[in-house]
Structure formats: C-alpha cells, structure tokens
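In what follows, a structure is listed as structure tokens, so that the remarks can point back to it.
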Amino acid sequence: MSARCRAHILLTILLLLPFWVLQAQEVHLNGDSMVHDELSPDHLPVFHAALPTINFDMLEYVPIDTHIFHTPQSNPLSEVHNIYQSLGIFSQAHKSMIFDYDHAMGFSMITLPYPLYFRDQRHLRYYNVETSYTKLNYTYGLFTENSFQALHTQRVRQVKFTFDLNGYSNSGYFIHQGTNMFTMNLFAHYETKNGRYGIFGSYLYNHGKYAENGGLSDISTFVEQPSWIVRRRTDEKPHELGSFAVLFSNANTLVNTHDFYMMQYLNIQGKKSGFYYGTLSHTFQFKQAKSLFYDHDLNNDFYRDQYYINTDTTRDTIQYYTIANSLQWSNYRPFDTLSGNNYFVRLAGGVHHEFVNAFMPYHIGNTMSLFARTHIRLFSVWDLFGGISYSFFNYNKNDAHAYARATFAINRKNNHFIGFAADFYRISPDYFFSYYIGNNSLWYNEWPKQDNVKLSAYWTRKNYRVSFNYYMLNHYIFINSNYQPEMAPNAISIIQLQGEAPLRIHNFFLDANLVLQHATKREITVPLFAGKLSAAYCFRIFKRRLNLQIGGDLMFNTTYYADGYNPLLHQFFHQEEVKTGNFVYFDLHLSLRVKRLSFFVRGGNLLAGLYTYNYLTTPNYPMMGQSFRAGINWRFYD
C-alpha cells in the first residue's frame, strides 16, 4: 500500500473517530436546540440586504446565519445552493448545471465564466449596523490551496461604509494547473440627518490569473486506471498526477475588471406639510474589463491550424469600457426598508444612456433606454410587480424586456407565499458572439434578436422553496464544438422542478437542493437530475462552552454531455463526445466553535479512486481527488 493511500485511510479514520466518541456523549446533553445561537451575546444578529442599483427596490434585511453548520462551506462552490460544473479546483471557470437566463438592460460585451467569484454591483450587500461588524476567514488545503476573506462594515454618524477583500490561490495538482484570484469592493453611503439628500459610491476590482492546461489530452487514461481496491490486490502502482499529459503547458489567462458606481438622490417633500413628492436620482457607472490569453509553442490538437496573425504565439486580448448615466423619478425611497402597509403603490421611471468603447473586437457606440416599473400591494396579501425597458440606437436598437410578477401572502410573518412570474426578452446577444478577431478565431455574424420567455410558479415557507420554471428560447446562440458561435435552428423548451429544504430539528441540520430538468433540443444539455445535500449534528460539551459538529456533504448528477471549456475564448462550448456525471462526491467535516471563533477540518471527495476515477464535471478536467482542508472563521461585533 502506498504512503498516499495510507495517509488517506488515516485521514478518514481521524474524521470518523470524533463521531464515534460523540455518540457516547450525546446521552449526557440536555437536547437544547442550537437554532438560536445567533441571539446569544457572543453571536449577535447582523442584518444585511441587497444593495440598490438602477432599478432599486426597498431593502429587505435578513440576518447573517452564524450557525456553526455553515462553517465548513468556506468557498462558494461548496455551498449547497450552488450546483456547478468547474475545472477541478476552486475559483477557475465554472458554469451552473441548473439552466437559468437573465439579461440586464443595455449593452453586454461578453459574459465571463466566473459568476461565483467575480463581483458586480448585484452581489454587494448593505449591512445594518449601529457600530461595526468584522469577519475574518482563512482556509488552507493540501496542494497549496489557500483562501481568505476580510470583511469590515461600520457606521460613523451619518456614514456607513464596507470593505470586503477576498483571495484564492491554488497551485493545482496536474501539470500547469493553478489560479490566483483577488477581489475587492469598497462602498460608502451618506445621508443627511433630515433624510432629504443621500449619496452612495462603490468600487469593485476583480483580478484573476490562471495557468490554463486545457485539461488532460487523454482523459480515458485517467478514468480507466485501476481503482484503489484493484491496485491493492494487484500491487500495481498508481499513476502520478504529474505524469498525465495536458493540452497546454504554457498558456495563461489574465483578467482584470474595474467597476465604479455612484448614486445620488433627493427626496422631495414639502417644507411645511412634509408631504412626500417622490425621489429624483442620478446614477453614474464606469466599467472596464480586460482579458488576455497568452500561449506559445502552440498545440495544433487545439488550434487546428487556424492562425490569422501569428503561427508561433497567441496573445489574444478583449478589452472594453462603458460609461453609463441614468436619471429617474420614483416614489421609492432609496435605502428604506420594505413597507408593512396593507396598501401602497410604488412607481418609477427614467432614462438610461450608455457609451461603449471596445478593442478586439472593435466597437464604439451609444445606447439609450427608457424604463419603468411598479410595485402594488392590495388587500395586504397581494403584491404585484411589473416593469419594462426599451432600447434605442446602435447594436441594442429595439431591445426590450418586460416582466410581471404576483405573490399571494398566506402568512407574511412566516414568509409563506405562493407566486407567479413571467419574463419576456427581445434582445441582442452578447457582442462577442457577433464580432470577434483573434489569432485563432475570427467571425462576423449578423444575428436576429433573441426572443426568450420564462414562466415561473413557486411556493415558499420560511426558507423552504419549491419552484417550477419553463423557458422558451428562440434564436439561441451558443459556441459549438468547432469553437464558433452558432444559432440553434429551432426553438428550445426547458422545464425545471426545483426544491430547497433547510431542515432544522433541535441540534440536527440539513440543507437540500434537488433539481429535475429537461431540454427539448440537443443544443442545450442539462442533467436530468442534480442535487446537493449537507447534513450535520451539533453537540455542546465542556459545560456547553464548546460547540462541536460532525457533518457530511453529498453531490450527485445524472450523466449528460456537459459543456466543454475553451480557455482561449473564456467560454464553455457544446460537445457531444464525452459524458460526465453518475459519481457521488462525498465530503466529511468536523467543526468546533468557542464564542466567536470557529475552526473546521474537511476531507473532500473521499470516494475518489475507491471504485472509479470518473469524477469530472467538465470534460477532460478531473475534479480534485481526496483532499484535506482546514479553516478558521472569526467574527467581531462592536
């Protein structure tokens, strides 16, 4: 038996041993629930809400969940509500296995494949604190994996500000596989004492540097190697991870984005009567993005003898910036909480202008959009939402988006609702799909507008949710197996049924996210079933001063033709050669907490190599095998 195998067995025993010990201790506990830990003096609740953007709404605050249950979920890809295919290690390119469609108003150059790590204005959270709140998190893993977060938010008189820093670093475990990623956001909000004038500003920076190996050049050698059990019987030595050939040995990707956003607003009210006449607001946003893919000693298995500039070196760049301004009137008060009134009518409307300057592909243009929205509450139980936007000029001429939503409150206090929603899009695809020039890729396409419809129905109670979604996509654009944009010849329908259940019974915790889905055409491939499950049991020991938790995570999806990944284009592409799925990803973790300090150890993908090596979510990119991580989480309340 190899030293590595013995180490893996020892790790598993160490993770299971506390469970056996704690089984004996359980009978001595008084059985008090751990559900309300955040209300103790050491775990005071901190509330946060989504930040307002151009189409701002009233703030809906929810408490930060400080339970020890979530401590081992130290990375977005490990969270239960995120079911994604990835390139094997954290913070590299990834794509949701659960189909969704959304498109913001205005121009879009390219959709980068880092949605869980790269931040934009929609990801920011506004914290409701009287003094300050600080959170520090650090995780270390084998294969030199590191991640950290430093978050601080504070209120000083009329000013609230937040600083959030995130970093991820991993040297990988195959040849030329690594990532270094860094995100930072800083924002501040000031409002006068009388509440008439306010200004908000934020800055976002995303930086990613990736060693792109393109995946294994012969994935069958990796998948079909003898399992650990077979090797034990035959005394066959395992392959070294560094011995597997990869597609690229020199390629690198560098991505940088900057995003500055500012909103100022004036609440208009009578000096004597105090009557509120609405809010005038102005927003300004500057966004800049640059990506660079570099490679030399080019591998023709990938480039296929397609060279338009240089046959020795590829140095492809996409860079652009946008400047946007919007003016609107509304009778929503920015940064106010959602009204509890039984009846109200909220209206808003305005104009949005955007200037775009892009290089490789080249584009200079202006887009003007008109938009309006409403929120009406009737009889204390019905909430009706509606909105529309329409664009003029240039590439986005005649783009439109309309939506309508209705929710019925069965019990508003318990967040018990049923709801229905409909979205209609008539939009231009990302500009990248229409025009692009690079060393190995070149196209000029004239696409019709994409006509997309999404219909939804859902039921929620507290944090439980069951939803049904239906999509109808017409003129759907995707990257094909030849690395070229292609339009689906027929309309595509997709149906989804999804259930999310956060079960809490005394000291037992369980989060489940289960999805069934089906697409009618081959251009969109999704697993018929995908699910994630996380469960844990928590104990209090040493006179209830120490919280100790043993838990495990499962992820599984049925086999399907998962999209491949092209690092040159920063895009996933459709393929019908390699199926992935039908593998159970199983993690065990042990966590402990003393007051505000939490610590965890986690054994990842413990079934890897036990019976099969078919643990891929993206073709040619094996997931990390059996792994070990340890992390610390420290919260401060002032």
Tyr615 side chain reached by Tyr613 side chain, heavy atoms, under 4.5 Å: yes
No-hydrogen, no-angle side-chain donor-acceptor test under 3.5 Å, Ser481 and His574: no
Verdict with supporting geometry, Arg426 and Gln450, side chain to side chain contact (heavy atoms under 4.5 Å, CB included): CA-CA 5 Å; Arg426 184 176 185 271; Gln450 297 184 90; over 6 Å; no
Check: Phe47 ring centre within less than 6.0 Å of Tyr61 ring centre: no
Donor + acceptor pair across side chains of Thr580, Thr617 (<3.5 Å): no
Test of ring centre spacing under 6.0 Å for Tyr117 and His94: yes
Straight-line distance of Ile68 CD1 to Cys538 SG, nearest 0.5 Å: 5.0 Å
Asp218 and Ser220 side chains, donor-acceptor separation under 3.5 Å: yes
Heavy-atom neighbours of Lys454 NZ exceed 12 at 6.0 Å: yes
Under 3.5 Å: donor-acceptor pair, side chain of Gln571, backbone of Thr111: yes
Salt bridge Arg405-Asp383, side-chain N to carboxylate O under 4.0 Å: no
Aromatic ring proximity, centroids under 6.0 angstrom, Phe222 and Phe174: yes
Near-ring test Phe556/Phe583, centroid separation under 6.0 angstrom: no
Residues Thr179, Tyr168; criterion side-chain hydrogen bond (donor to acceptor under 3.5 Å, both in side chains); working and verdict: CA-CA 7 Å; Thr179 177; Tyr168 303 90; over 6 Å; no
Plane angle bin for His103 and Tyr101 - parallel if under 30°, tilted between 30 and 60°, otherwise perpendicular: parallel
Evaluation steps, side chain to side chain contact (heavy atoms under 4.5 Å, CB included), between Ser78 and Arg602: CA-CA 11 Å; Ser78 65; Arg602 182 183 185 114; 4.2 Å; yes
Short side-chain donor-acceptor distance under 3.5 Å, Tyr458 and Asn469: no
Side chains of Gln149 and Asn137, donor plus acceptor under 3.5 Å: no
Heavy atoms of other groups near Tyr140 OH, more than 12 under 6.0 Å: yes
Heavy-atom side-chain contact between Lys135 and Tyr133 under 4.5 Å: yes
Side chains of Tyr476 and Asn452, donor plus acceptor under 3.5 Å: no
Reported OG1-to-CD1 distance for the pair Thr407 and Ile418, which is rounded to 0.5 angstrom: 9.0 Å
Ala562 versus Pro619, closest heavy-atom pair with distance: O-CG, 3.5 Å
Heavy-atom side-chain proximity of Tyr464 to Glu500 below 4.5 angstrom: no
Phe529 side chain near Gln517 side chain, heavy-atom distance below 4.5 Å: no
Trace of the side-chain hydrogen bond (donor to acceptor under 3.5 Å, both in side chains) decision for Asp430 with Ser108: CA-CA 5 Å; Asp430 287 355; Ser108 177; 2.8 Å; yes
Of Asn256, Asp259, Thr183, Asn185, the residue whose pairing with Tyr205 passes side chain to side chain donor-acceptor pair (under 3.5 Å): Asn256
No-hydrogen, no-angle side-chain donor-acceptor test under 3.5 Å, Thr559 and Asn582: no
Heavy-atom closest pair, residues Ala211 and Asn252: CA-OD1, 3.7 Å
Sub-4.5 Å side-chain heavy-atom contact between Ile494 and Tyr470: no
Residue pair Gly531 / Leu514: nearest heavy atoms and the distance that separates them: CA-CD2, 4.0 Å
Distance-only side-chain donor-acceptor flag, Gln121 / Thr53, under 3.5 Å: no
Ring center gap for Phe539 and Tyr537 short of 6.0 angstrom: yes
Between Phe417 and Phe408, ring centroids under 6.0 Å: no
Nearest heavy-atom neighbours spanning Phe248 and Pro567: CE1-CG, 3.5 Å
Distance (rounded to the nearest 0.5 Å) between Met472 CE and Ile495 CD1: 11.5 Å
Ring centers of Tyr565, Phe572 separated by less than 6.0 Å: yes
Side chain to side chain contact (heavy atoms under 4.5 Å, CB included) between Thr257 and Leu204, worked out: CA-CA 8 Å; Thr257 73; Leu204 282 167; over 6 Å; no
Mutual orientation of the aromatic rings belonging to Tyr403 and His401 [parallel < 30°, tilted 30-60°, perpendicular > 60°]: tilted
Glu60 atom CD, over 12 foreign heavy atoms within 6.0 Å: no
Atom of Val601, atom of Ala630 and distance for their closest heavy-atom approach: CG1-CB, 4.1 Å
Intermediate values then yes/no, side-chain hydrogen bond (donor to acceptor under 3.5 Å, both in side chains), Thr618 and Gln85: CA-CA 6 Å; Thr618 300; Gln85 63 175 104; 2.9 Å; yes
NE2-CG distance between His123 and Asp164, expressed to the nearest 0.5 angstrom: 12.5 Å
Side-chain touch Pro113/Lys95, heavy atoms, less than 4.5 angstrom: no
Where Ile175 and Val246 come nearest, the two heavy atoms and their spacing: O-CG1, 3.9 Å
Aromatic ring pairing His48/Tyr127, orientation class (parallel under 30°, perpendicular over 60°, tilted between): parallel
Sole candidate of His81, Glu79, Gln498 that passes side chain to side chain donor-acceptor pair (under 3.5 Å) when paired with Asn513: Gln498
Candidates Leu124, Thr162, Leu51 - the one meeting side chain to side chain contact (heavy atoms under 4.5 Å, CB included) with Ser202: Leu124
Within 6.0 Å of CH2 in Trp634, more than 12 heavy atoms from elsewhere: no
Audit row: Thr221, Ile219, side chain to side chain contact (heavy atoms under 4.5 Å, CB included) steps and yes/no: CA-CA 5 Å; Thr221 303; Ile219 191 62; over 6 Å; no
Enclosure of Lys209 NZ (heavy-atom neighbours >12, cutoff 6.0 Å): no
Min side-chain heavy-atom separation Trp459-Arg465 under 4.5 Å: no
Pair Asn633-Ser598, side-chain donor/acceptor within less than 3.5 Å: no
Side chains of Ser74 and Phe600 in contact at under 4.5 Å (non-hydrogen atoms): yes
